[in-house]
Structures are given as structure tokens and as C-alpha cells.
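Step one of this worksheet: look at the structure below.
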Amino acid sequence: MARQFLGNRLATGALIVLAAIVIACAAAPVLTSSGPTDTSLGESLQGPSARHLLGTDQLGRDLLTRVLFGGRSTLLHALIVSLVAVGVAVPLGIVAGYVGGWADRVIATVTDIVMSLPAMIVMLVVMTAFSEHLPVAMAALGLILAPPIVRNVRGAALAVRNELFIDAAKVAGLSKGRIVFRHVFPRVLGPILVQAALATALGLQFAVGLSFLGFGAQPPSPDWGSMISEGSQVLNSSPWPLLAGGIALGLVSLTLVLVGDGLRDMAVESWTGSPSRRRRRPARPPVMVSQAPRSQDGPETEKPAPDEALLVVRGLSVAFTTGGTERKVVSDLNLTIAPGEIVGIVGESGCGKSSVSRAVSRLLASGGEIVGGSIRFADKDVASLKGEDLYEYRRHSVSYVAQDPMTALDPSLRVGVLLRRIVQAGEGLSRRAADARVLELLAQVQLPDPAAVAKRYPHELSGGMAQRVGIARAIATKPRLLIADEPTTALDVTVQAEILGLLRSLQQQLGMAVLLVSHDWGVVAQICDRVVVMYGGEVVERGRLEKVAREPAHPYTAALLACRPSSVVDDDLPLPTILGSVLSPGEWPTGCRFAARCTHRTESCDAAPIPVSAVASAHDVRCIHPLRDGDSTEVTADV
Ligand code: SF4
């Protein structure tokens with residue numbers, strides 16, 4: 001960030017001038033040969049000269065000396081305003097934005113009340129009550145200026161709260177305090193610095209204004225407000241007493257504004273990132289059932305028995321509440337994953353697959369909650385975990401690899417620092433040992449030159465490298481289950497294959513289970529042992545990958561497979577798409593949720609909810625007219 005600021009020459013120059021003024025005022029007793037109250041009536045109202053660089057006032061006092069001494073109290077008062085405003089606003093803004101809930105509502109109410117007060121009248125009342133104590137009045141002004149800063153910081157913290165790298169930090173087991181200190185605060189630092197500069201400028205204006213009205217330094221002591229006031233009284237005789245205070249005020253105000261602009265630009269650049277972070281959405285690869293060795297989870301046609309399973313989800317329902325209306329996005333879902341098994345959840349966007357993965361990792365977005373069923377991980381009831389137990393679950397049981405590797409990494413931290421913090425958080429390693437572990441992790445995800453990668457920021461990495469770093473972070477805590485939510489969607493086809501190969505390789509090395517969420521059959525087919533097909537928030541088919549891919553029993557599964565690019569035999573034809581579109585939660589019918597798009601629909605499909613039934617050993621389908629060998633399902637061409 002400092003480098004970005006220094007790149008703005010105007011802001012850098014303004015900062016240098018501001019620093020010079022502040023230092024000169026602080027060192028006034030050393031820099032000046034006379035005192036601010038030393039009079040010389042014989043030199044009254046003189047213009048600038050070698051002896052008096054800014055001239056003299058009506059009592060022959062050196063104006064430069066008075067500006068420097070007067071600046072000490074004026075700048076101190078402005079600083080008090082800024083410190084109080086920022087010191088109060090930043091914690092409140094972060095709590096309101098990051099914690100949310102009732103804390104946000106209480107803070108919003110208080111800030112609304114304070115902002116509705118007439119600031120000038122409040123200040124005059126405060127000045128009357130504390131006329132002898134200008135610092136107290138400045139502190140009161142800081143409180144009045146705090147609410148807009150609270151809102152600004154809240155907005156920044158709210159935006160950061162929804163970033164993927166915050167979710168990743170939670171799953172990595174970082175406590176709330178550590179996440180706020182290490183990830184949220186650095187991201188809101190830019191807006192905070194901007195607001196601090198503006199609050200200081202406002203405080204300066206108020207301090208000078210109040211002093212001009214007689215509430216500041218009392219004669220013969222100077223401050224800039226009293227100097228401007230005295231200068232205005234002798235303006236007809238000499239402009240220099242007025243100009244001396246005015247120039248000092250104008251110069252500091254201007255430099256504060258320019259520094260604020262520089263900080264704002266720096267913050268915007270830091271928030272938006274470099275253009276290299278935006279990547280083209282890649283084409284989908286053809287589906288091919290990989291012949292790579294599968295993990296051993298028992299006989300190939302059997303799903304794990306619940307007592308052998310690592311993860312057992314039963315009757316899971318997830319709902320989101322918006323505007324007082326609860327909408328289910330997942331209903332009555334069963335899922336079982338054995339230790340070391342790779343299970344894929346596949347379906348179009350809006351089918352609820354990511355809600356399942358987020359429920360398992362306890363990362364449901366704001367407004368989302370588990371409203372039914374159970375999630376058992378080993379011997380833990382995941383849905384009821386809280387506090388230290390939830391921290392331990394995220395720290396040692398599950399890890400999360402997000403879709404967009406660029407937004408899943410904190411852009412303000414070098415890769416080495418980011419990983420070191422994860423490694424140190426739970427293992428108590430020394431810095432040297434943690435750095436060695438970081439290099440080991442980067443080598444484990446097959447990044448060339450780990451030492452060089454550790455020194456880079458996320459925006460200096462390619463998409464594939466960033467996803468490898470994301471995977472390194474995920475395995476840093478030695479999870480038993482790695483959840484990968486569309487881990488290759490943001491990557492090009494070649495890198496997709498490399499990342500999937502890496503996931504398979506790590507799964508075999510570490511013996512962890514993997515839950516892979518994807519809309520792309522090609523991705524699921526490359527590494528999964530079993531597949532779960534979701535539609536309309538429920539499972540419509542599940543079974544061994546080879547079985548489901550070669551003999552789909554549900555028309556939706558068959559349609560998904562028919563829409564693979566590899567199924568298009570004539571390159572001149574457009575890629576087929578499934579008839580219609582996914583219904584939103586809340587629009588689901590009583591009967592089959594796929595009925596509106598199904599070419600095999602009959603009247604009985606709409607009569608009642610469709611139960612799941614077995615079509616073969618460990619091959620289940622939610623359809624009353626399951627497809628048999630030779631059945632086809634129609635899709636429409638996207639023309
Ligand atoms: S239950 Fe009926 S409408 Fe639903 S997928 Fe099966 S055939 Fe189609």
C-alpha cells in the first residue's frame with residue numbers, strides 16, 4: 001500500500017509539506033530566535049523582510065514565530081478531533097459490519113441519533129460548558145464526526161465479511177479475533193486512513209473557527225484562529241497578519257485533502273486489485289471417466305455404511321430468510337462419505353449443491369441456516385457445534401477450497417505470510433519452523449520455486465498458481481475432509497486438468513476424503529468415486545460414477561450428460577442446453593421439481609412428491625419413470 005501511495009507524486013509531495021509544517025511547529029522553540037509574545041512596537045505591521053519572513057503584527061511580533069507557535073495548539077486540537085473520531089468509529093464500524101446482527105442494529109440506531117443532532121448548536125453548547133478546556137470541546141467534536149466514519153468502516157467491513165478468503169480463514173480454524181485483526185482490519189485500513197485525513201481537516205477548520213470566535217487561545221498567546229481574527233481587524237493597514245494565519249490554515253487544509261485523495265486512490269486500487277485478477281471463463285472440457293486408480297472405500301457398487309462413514313448427512317434442509325420470508329434451498333438431503341473417498345455433487349447453478357457444502361463446513365452465508373436434519377462428522381454433531389468446538393472442527397476436520405482462487409486469498413498478504421499464519425494458528429510453531437512448513441506445503445502442491453512464490457502477493461500469481469496456494473492453505477491443517485466448491489471453474493481447461501490431478505494426488509498421499517462440488521460433469525468424472533446429482537434442492541440421483549455416467553436413470557442426469565461438449569458430434573451444431581430453466585426456491589411444485597423441463601413427464605409426476613428409490617445396488621433415483629437402457633431424453637439446441 002505504501003508503494004501505491006508513493007506512486008502518487010502530488011499526495012507524496014503534500015505529505016512531505018505537511019510533515020515539514022508539523023515538525024516546524026513542534027520544533028518552534030528551537031527554530032525561532034524570539035518568543036511568540038515578544039513585542040517590538042517600532043516594527044509594527046511591517047511586510048516580509050529578511051528579519052521577519054512573514055512580516056510583523058500590530059505589536060511588532062514576528063508573524064512566522066507566532067504561526068509556528070500557534071500551529072502547535074491548532075494542530076493538536078485538530079489531531080484530537082481526528083483521534084477521537086477514528087478511535088471511536090473504527091471499532092464500532094468493524095463490529096457493526098463484521099459481526100452484524102443486533103450489534104449492527106444498535107450501532108446503526110446510535111449513529112443515526114448522533115447524526116440527527118445539529119452539530120453547530122451542539123458545539124456551541126459544548127464550548128459554553130467547556131470554554132476553558134478547548135481539548136475537551138475538540139474531543140466532543142470528534143464524537144460528533146464519528147458516525148459517518150462508522151458507516152464508512154461498516155460498509156468496508158461488511159464487504160470483506162462476504163469475501164471468500166474470510167470463509168477460507170474460518171475453515172482454516174482462525175478465531176474471530178484473529179480474522180478481524182489479520183484479514184478485516186488491513187482491508188479497512190485504506191478507508192480508515194482516508195477518513196482520518198478528512199476528520200483532521202474538519203477538526204482544523206473547527207479549531208480555527210472556534211478560536212476566531214474567541215473560544216481558542218487567549219491573548220497574547222497565538223493560535224491560527226486568533227491570528228486570523230486579529231489580522232482581520234488591521235486589514236486596512238496591512239494584509240500580512242491575516243495572510244500569515246490564513247496561509248498556514250490553507251496550506252495544511254490543502255495538504256490534508258491531497259493526502260486524503262492519495263489514500264483514497266490507494267485504497268481503491270487495493271480493493272479492486274490489478275486487472276490480472278479478472279480471468280476469462282474457460283470452456284468446458286469433454287467428460288471422460290478417468291481410469292486412474294480410485295480410493296478404496298469398499299466394494300465398488302456399495303456406498304459406505306453409516307458406521308464406517310466419515311460424514312453422514314441425513315434429512316438435511318437448509319433455508320435462507322430474506323425480508324421475513326424463509327425459502328428452502330435444500331430439502332431432505334442424504335449424503336454419506338467414507339474416509340478417503342471422493343464424492344462429487346453435480347447440478348446446474350441454483351440446485352443447492354453449494355449450500356450443502358457450506359452447511360457441512362458451517363459457512364452458510366448471512367440469513368442461511370440448517371432448518372432440518374443432521375450432519376455427523378465422525379462423532380461430532382456438526383450443526384450444533386459452537387465456540388471452541390466449531391473452531392476445532394474447522395481447524396482439524398474440514399478444509400475449503402473456493403471457486404475463485406484470486407478472491408479466496410487475502411490480497412493484502414504475501415503468500416508466505418498468509419500460509420505461515422494458518423500454520424502457526426494451531427500448531428504453535430516458531431517462525432522459522434512455520435516458514436519451513438510453508439515451503440513444504442508450496443512444494444507439496446507442485447509449485448515451482450516455493451521460496452519465490454512465498455514472497456509474492458496473490459495478484460502476482462496466475463489463476464492456477466493461486467488455486468494451488470488455496471489448496472496448500474486447505475491441506476495446511478491436515479483435514480480429514482476437503483471440500484472443493486467449483487475449484488476449477490475460474491481456470492482454463494489445461495490448468496483445470498492439472499488442479500484435478502493435484503487434488504487426486506493429494507487425496508491419495510494424505511488419505512483425506514474430498515467433497516467436490518461442480519456444475520461440470522467433466523470435472524466430476526475425472527476424479528470422483530461416487531456422484532450425487534442435485535436438482536431443485538434435492539438429490540435426484542446418486543451412485544457410482546461409472547454407473548451413473550453410463551446408465552443415467554433420471555432424465556435430468558441424462559440431459560446433463562447430453563449437454564456435454566463431447567456429446568456434440570457435429571461441430572457446426574450449437575452446444576445443446578436443457579429445456580427451460582431451474583425453478584427458484586419457493587417456486588417448487590408439489591410433485592416432481594424437474595417436471596416442467598422433463599420430456600418423460602406424466603400426470604402422476606405432478607401428483608405428489610417423488611420418493612427416492614433404488615434402480616440397482618447403491619444406485620438411487622428420484623423418478624417414477626426411471627430411464628432404462630436405450631431410453632433417451634431430449635434436449636433443445638441453443639440457437
Ligand atoms: S418423475 Fe416424471 S417428471 Fe420427474 S423426472 Fe421422472 S419422469 Fe420426469
Side-chain angles (χ1 to χ4, degrees), residues 287 303 313 315-318 327-335 343-356 372-373 517-521 524-525 528 530-564 567 575-638:
V287 65
K303 63 186 174 187
V313 178
L316 176 68
S317 291
V318 176
R327 291 200 195 288
K328 267 192 188 177
V329 294
V330 175
S331 357
D332 196 22
L333 179 134
N334 293 342
L335 174 69
V343 175
I345 300 182
V346 68
E348 293 167 284
S349 295
C351 288
K353 53 191 189 304
S354 288
S355 294
V356 174
V517 175
S518 180
H519 68 281
D520 189 338
W521 261 107
V524 169
C528 290
R530 286 191 299 114
V531 64
V532 174
V533 184
M534 284 190 71
Y535 186 82
E538 57 189 11
V539 172
V540 295
E541 186 163 4
R542 63 172 164 245
R544 299 292 309 173
L545 174 73
E546 293 88 342
K547 191 84 174 165
V548 175
R550 289 178 181 150
E551 298 169 27
H554 197 284
Y556 178 60
T557 309
L560 275 180
L561 286 163
C563 292
R564 288 168 295 151
S567 67
L575 188 67
T577 57
I578 303 174
L579 287 163
S581 56
V582 179
L583 294 178
S584 301
E587 297 176 345
W588 295 335
T590 305
C592 176
R593 294 179 185 175
F594 186 61
R597 308 172 76 186
C598 183
T599 54
H600 299 262
R601 178 184 189 178
T602 64
E603 271 186 24
S604 50
C605 299
D606 301 322
I610 309 296
V612 174
S613 55
V615 286
S617 174
H619 184 180
D620 305 328
V621 67
R622 189 186 294 273
C623 177
I624 54 177
H625 306 300
L627 304 178
R628 308 289 176 197
D629 263 0
D631 284 353
S632 65
T633 196
E634 291 175 20
V635 291
T636 185
D638 185 12

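Whatever order the structure lists ligands and atoms in, that order sets their numbers, starting from 1. What you see is a predicted model; the values in this text were computed from it and never measured. All values below were derived from every heavy atom in this structure, side-chain atoms included, with hydrogens, water molecules and symmetry-related copies excluded.
- Set against the non-hydrogen atoms of Cys605, the atoms of ligand 1 under 4.0 Å away are 1 (S), 2 (Fe), 3 (S), 7 (S).
- Side-chain polar atoms of Tyr556 and Glu541 form no donor-acceptor pair below 3.5 angstrom.
- Here Ser349 contributes atom OG and His519 contributes atom NE2; the two are 7.0 Å apart, rounded to the nearest 0.5 Å.
- Cys623 SG, 2.2 Å is the protein heavy atom nearest to atom 6 (Fe) of ligand 1.
- The distance from ligand 1 to the heavy atoms of Ala595 drops below 4.0 Å at these ligand atoms: 3 (S).
- Between atom 6 (Fe) of ligand 1 and Cys592 there is no N/O/S contact shorter than 2.8 Å.
- Using modelled atom types, no side-chain atom of Arg530 and backbone atom of Arg542 make a donor-acceptor pair closer than 3.5 Å.
- Residue-ligand proximity, His625 to ligand 1, at heavy-atom distances under 4.0 Å covers atoms 7 (S).
- Using modelled atom types, no side-chain atom of Arg327 and backbone atom of Gly586 make a donor-acceptor pair closer than 3.5 Å.
- Of all the heavy atoms of Arg622, none lies under 4.0 Å from any atom of ligand 1, so neither backbone nor side chain is involved.
- The His554 neighbourhood of ligand 1 comprises atoms 5 (S), with distances under 4.0 Å to a heavy atom of that residue.
- In this structure a side-chain-to-backbone donor-acceptor pair under 3.5 Å is missing from Ser518 to Val346.
- When each atom of ligand 1 is checked for a heavy atom of His600 under 4.0 Å away, the hits are 7 (S).
- Arg593 is listed as a side-chain neighbour of Ser331, based on a closest heavy-atom distance under 4.5 Å.
- His619 places no side-chain N or O within 3.5 Å of a backbone atom of Val548 that could act as its donor or acceptor partner.
- At a cut-off of 2.8 Å, Cys598 does not coordinate atom 2 (Fe) of ligand 1 through any N, O or S atom.
- Every atom of ligand 1 with a heavy atom of Pro555 under 4.0 Å away is listed here by number and element: 5 (S).
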